[in-house]
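Inspection log for the structure reproduced underneath, given as structure tokens.
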Amino acid sequence: MVRAELGLDPWDVFHQGVSEHTGLSIGTVSIVVGALVLLLWWPLRERPGLGTVSNVFLVGLSMDATLWLLPHADALAFRIGLLVAGVVLNGAATGLYISARFGPGPRDGLMTGLHKVTGRSIRLVRTGIEVAVLISGILLGGAFGVGTVLYALAIGPLAQFFLRVFALPEQRGTGGTGGTGVEGAAGSGAESATVSGAESTDSTETTKGNQGASRVVARGGRQRRAILRR
């Protein structure tokens, strides 16, 4: 997107604006901003992981390295191709590394954290973040263009789409079947215990009834013998 020279994505508009005011490379600013964004995770209760740390350092370093290796493009058609490829691949990369479950990057963790806290869709949350960052970047003097508008409007739907495409299936191991088997065994055991308990109760009641009848008969016999003595 930088080499397309048709406008940067909102975060890089912000990074470029900060870079112009500080003299740091855009990649270095990306690393610093990523580390600062992590502080916003605290109230959102997001947990960093390998993907989080990798994103903070590798995105900025690879950006500087790519800009050093990739030559400037002159043909408009080629620049448009670079722009479109950059936007689509960024959405695909977002879906890939978040689905890997090694922890989202600082900016994407902010997106997923706000999504969980507010209950709003990924598309709406991501678009809102990009627009807010874009306005800040423009005020700082970052490059703004048609590519910026395309990225700001497209990255939210693309991220949501690729998160569904690359979502890992839920684990279906023996745990689920085992759980069902345990529940079935527990249910059968409970039914058996209930039946046995009922049978035991009936048997106990029958025994008690027989004992009671025997006592009544015994009392009747004693009473008859007492009458005969009299």
Side-chain angles (χ1 to χ4, degrees), residues 1-4 6-15 27 30-31 33-34 37-38 40-41 44-63 65-67 70 73 77-134 137 145-177:
M1 289 187 66
V2 173
R3 286 293 181 249
L6 294 172
L8 300 174
D9 63 273
W11 279 103
D12 284 332
V13 172
F14 179 75
H15 296 153
S30 175
I31 294 173
V33 171
V37 170
L38 281 177
L40 299 177
W41 283 31
L44 299 176
R45 297 182 179 180
E46 288 288 291
R47 296 182 178 179
L50 176 62
T52 309
V53 179
S54 301
N55 187 287
V56 170
F57 293 100
L58 295 182
V59 169
L61 293 175
S62 36
M63 180 181 292
T66 304
L67 288 173
L70 192 64
F78 184 65
R79 290 162 57 197
I80 292 175
L82 286 176
L83 172 64
V84 174
V87 174
V88 174
L89 289 176
N90 196 296
T94 300
L96 278 169
Y97 87 89
I98 290 180
S99 296
R101 299 177 183 175
F102 282 107
R107 299 158 187 82
D108 290 317
L110 180 63
M111 172 188 69
T112 55
L114 289 174
H115 162 67
K116 288 187 292 186
V117 169
T118 63
R120 303 296 183 180
S121 68
I122 289 289
R123 176 176 54 196
L124 180 61
V125 171
R126 182 60 181 260
T127 302
I129 293 174
E130 298 294 330
V131 171
V133 171
L134 171 61
V146 63
T148 309
V149 177
L150 174 63
Y151 188 95
L153 297 178
I155 192 60
L158 283 173
Q160 186 167 343
F161 170 75
F162 283 111
L163 280 171
R164 293 174 180 172
V165 171
F166 298 120
L168 296 176
E170 293 296 327
Q171 294 181 352
R172 297 185 180 92
T174 56
T177 305

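Side chains are part of it too, since the values below use all heavy atoms of this structure and drop only hydrogens, waters and symmetry mates. If you read the sequence from its start, that first residue is 1, and numbering goes on from there.
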Atom CG in Leu124, atom CD1 in Ile129: separation rounded to 0.5 Å? 10.0 Å
Over 12 foreign heavy atoms within 6.0 Å of CZ, Arg79: yes
Counting distance only, does the side-chain N/O of Ser54 pair as donor-acceptor with the main-chain N or O of Gly51 below 3.5 Å? no
Give, for atom CG of Leu110 and atom CH2 of Trp41, the distance between the pair rounded to the nearest 0.5 Å. 9.0 Å
Rounded to the nearest 0.5 Å, what separates atom NZ in Lys116 from atom CD1 in Ile122? 9.5 Å
From Leu150 atom CG to Met1 atom CE, the distance as rounded to the nearest 0.5 Å: 7.0 Å
Identify the heavy atoms of Phe57 and Ile31 that sit nearest to each other, and give their distance. O-CD1, 3.9 Å
Nearest heavy atoms of Val56 and Pro106, plus distance in Å: CG2-CG, 3.3 Å
Between Thr94 and Ala159, the two heavy atoms sitting closest are CG2-CB, 4.1 Å
Leu8 to Thr148 - nearest heavy-atom pair and separation: O-OG1, 2.6 Å
Measure the acute angle between the ring planes of Phe166 and Phe162, then classify it against the limits of 30° and 60° as parallel, tilted or perpendicular. parallel
Step by step, work out the side-chain contact (heavy atoms from CB on, under 4.5 Å) result for Trp11 and Val59. CA-CA 12 Å; Trp11 279 103; Val59 169; over 6 Å; no
Closest approach of Gly7 to Leu83 (non-hydrogen atoms, all atoms of both residues): O-CD1, 4.4 Å
Side chain Arg3, main chain Leu82, donor-acceptor under 3.5 Å: no
Non-hydrogen atoms of His15 and Arg107 that approach each other most closely: NE2-NH2, 3.2 Å
How long is the span from the OG1 atom in Thr112 to the CG atom in Leu44, to the nearest 0.5 Å? 8.5 Å
The reported gap from CG in Asp9 to OH in Tyr151 (rounded to nearest 0.5 angstrom) is 4.5 Å
